[in-house]
Q: 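Once you've had a glance at the structure underneath, I'll fire off some questions.
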There are 2 protein chains.
Amino acid sequence: MSAASTPEPAGLSRRDELLAIAGGLFAERGFKNTTVRDIADAAGILSGSLYHHFDSKESMVDELLDTFQTELWKQYDAIEASDLTARGKLEAVVRASFEAIGEHRNEVAIFQSDALYLATFERFGYLIERNRKFRTLWTGLLEAGVASGELRADLDIALVYRFLRDTVWVAVRWYRPGGTLTPADVADQYLTILLQGIEKESR
Amino acid sequence: MSAASTPEPAGLSRRDELLAIAGGLFAERGFKNTTVRDIADAAGILSGSLYHHFDSKESMVDELLDTFQTELWKQYDAIEASDLTARGKLEAVVRASFEAIGEHRNEVAIFQSDALYLATFERFGYLIERNRKFRTLWTGLLEAGVASGELRADLDIALVYRFLRDTVWVAVRWYRPGGTLTPADVADQYLTILLQGIEKESR
DNA sequence: GTCTATAGTATGATAGAC
DNA sequence: GTCTATCATACTATAGAC
């Protein structure tokens with residue numbers, strides 16, 4: 001119970017530190033494009049030393065993605081189980097996703113650019129499954145919104161889903177925390193565009 | 001003038017054929033992730049034989065991207081020079097971009113996933129320049145649309161630009177020609193969402 | 001926890017025969 | 001235009017000393 005000989009006395013263990021460094025590089029230049037030497041260099045050690053902490057390069061990205069997705073789904077599940085209306089849930093889910101971009105940029109970026117490639121290995125099969133679950137959740141909310149009359153009925157749901165999904169996650173490519181826009185600001189503007197459009201006088 | 005001994009008697013030269021094969025692989029699994037052996041295998045030859053047609057793997061992707069961008073910009077320039085209103089130009093540019101996704105999926109996909117990496121080499125410096133030109137064009141149209149009263153004035157232009165840019169180009173990830181939706185159909189739906197939103201009763 | 005040293009493999013590219 | 005053969009390099013990963 002005391003801080004006697006725990007591995008993380010102050011905060012980040014060396015292992016977590018290395019994982020964060022790897023995450024930054026994977027996000028910036030891609031998984032395949034980042035060598036174990038790059039990671040070791042950035043950490044100020046030699047590449048062989050990395051293997052004292054991790055089995056393989058794949059293990060690193062696996063741990064990053066899995067941890068992140070587990071956390072994100074806790075939030076999605078809570079929203080889904082809430083008593084908000086369909087539209088309210090949709091907004092909440094969009095906001096939670098932008099928050100995730102703010103707090104876990106690296107993981108989101110890695111998922112965006114490397115998930116398709118990684119999913120070809122059975123080890124990363126969970127990525128495909130989570131993706132399906134994600135589509136089910138979002139599409140379901142859109143359908144419920146149309147059914148409840150909150151959303152217009154003349155649009156192709158599958159297409160709106162892809163539009164929505166892409167607009168949210170692709171923001172990781174340009175969003176940088178610490179600027180003038182908080183994730184909540186971006187979510188507000190995106191939701192305004194998505195819900196009301198950019199046209200001046202409409203309908 | 002006759003078809004006597006021209007290199008492309010029927011249509012695609014062997015070189016173009018190989019370039020198309022490489023483009024498909026680059027688009028599908030990424031530039032770095034595609035080896036020259038992969039390309040040669042897909043073409044039914046050995047990797048060394050590729051170098052009879054091309055200097056390097058980089059030359060291949062360079063030729064694909066440069067050719068495509070030159071063609072696309074011919075269209076953008078024509079739209080910019082037309083006498084459409086700002087909003088009309090914006091719609092035309094969006095439609096032209098979706099057409100490009102329909103006709104040059106590989107090149108768009110490669111640009112989307114590898115341009116950032118490729119741009120780190122001076123050889124691909126033109127990618128950065130074209131990107132800037134692109135932003136200038138689209139942002140200018142948005143500003144003109146606000147000025148003319150066609151578009152609402154309460155949104156952050158830089159953010160709307162990124163929203164628009166990303167939603168258009170990211171569609172290459174899922175759009176497949178030959179399905180029920182033509183590029184024009186997708187452009188229609190996207191423009192409807194973008195201009196009017198998905199909310200039932202708004203404003 | 002990091003280093004030295006290195007194995008084993010994959011990769012981009014070249015030279016010359018056919 | 002393709003093949004055979006191969007080089008030089010870069011990569012992931014391992015074994016054992018410190």
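Because only heavy atoms are used, hydrogens play no part in the values below, and waters and symmetry mates are left out as well, while side chains stay in. The structure presented is a predicted model; accordingly, all values stated were derived computationally and were not measured. In the text below, chain A, chain B and the rest are named by the order of the sequence lines, each starting its count at 1.
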Q: What integer distance in Å separates Phe121(B):CZ from dG12(C):P?
A: 12 Å
Q: Between the side chains of Ser59(B) and Asp62(B), is a donor N or O closer than 3.5 angstrom to an acceptor N or O?
A: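 Short answer, no.
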Q: Send over the distance from Asp55(B) CG to dA13(C) P, rounded to a whole Å.
A: 9 Å
Q: Ignoring backbone atoms, test whether Tyr51(A) places a side-chain nitrogen or oxygen under 4.0 Å from the OP1 or OP2 oxygen of dA13(D).
A: yes
Q: Please work out which of the three classes, parallel, tilted or perpendicular, describes the rings of Trp73(B) and Phe134(B), given edges at 30° and 60°.
A: perpendicular
Q: Quick one: does Lys89(B)'s side chain get under 4.5 Å of Leu137(B)'s, heavy atoms only?
A: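 No, side chains not in contact.
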Q: Can Lys74(A) and Glu71(A) be said to form a salt bridge (Lys or Arg N to Asp or Glu O under 4.0 Å), step by step?
A: CA-CA 5 Å; Lys74(A) 259 186 227 161; Glu71(A) 192 183 316; over 6 Å; no
Q: Parallel, tilted or perpendicular: which fits the ring planes of Tyr161(A) and Trp138(A), with parallel below 30° and perpendicular above 60°?
A: perpendicular
Q: So what does Ser59(B) touch, heavy atoms closer than 4.0 Å: a base, only the sugar-phosphate, or nothing?
A: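 No contact.
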Q: Give a yes/no verdict on a cation-pi contact between Lys57(B) and Phe31(B), requiring under 6.0 Å between NZ or CZ and the six-membered ring centre and an angle within 45° of the axis.
A: yes
Q: When the distance from CG of Leu50(A) to P of dA15(D) is rounded to whole Å, what number comes out?
A: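 Taking CG of Leu50(A) and P of dA15(D), I get 17 Å after rounding.
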Q: CZ of Arg37(A) versus P of dT6(C): gap in Å, rounded?
A: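 Distance check: Arg37(A) CZ to dT6(C) P gives 14 Å.
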Q: As a test of reading the structure: which of dT12(D), dG12(C), dA13(D) is closest to the side chain of Ser56(A), going by heavy atoms?
A: dA13(D)
Q: Below 3.5 Å between N/O atoms, which protein atoms pair up with nucleotides 1-3 of chain C? Just atom names and distances, please.
A:
unit_1, atom_1, unit_2, atom_2, d
dG1(C), OP2, His52(A), NE2, 3.1
dT2(C), OP1, Arg14(A), NE, 2.8
dT2(C), OP1, Arg14(A), NH2, 3.2
dT2(C), OP2, His53(A), NE2, 3.1
dC3(C), OP2, Leu46(A), N, 2.6
dC3(C), OP2, Ser49(A), OG, 3.3

Q: Starting from P on dT11(C), measure out to CE on Met60(B) and report it in whole angstrom.
A: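 One finds 14 Å between P of dT11(C) and CE of Met60(B), rounded.
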Q: Can you check the Asp38(B) CG to dA13(C) P distance for me, whole Å?
A: 14 Å
Q: How long is the line joining NZ of Lys57(B) and P of dT14(C), in whole Å?
A: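 Distance, rounded to whole Å: 15 Å.
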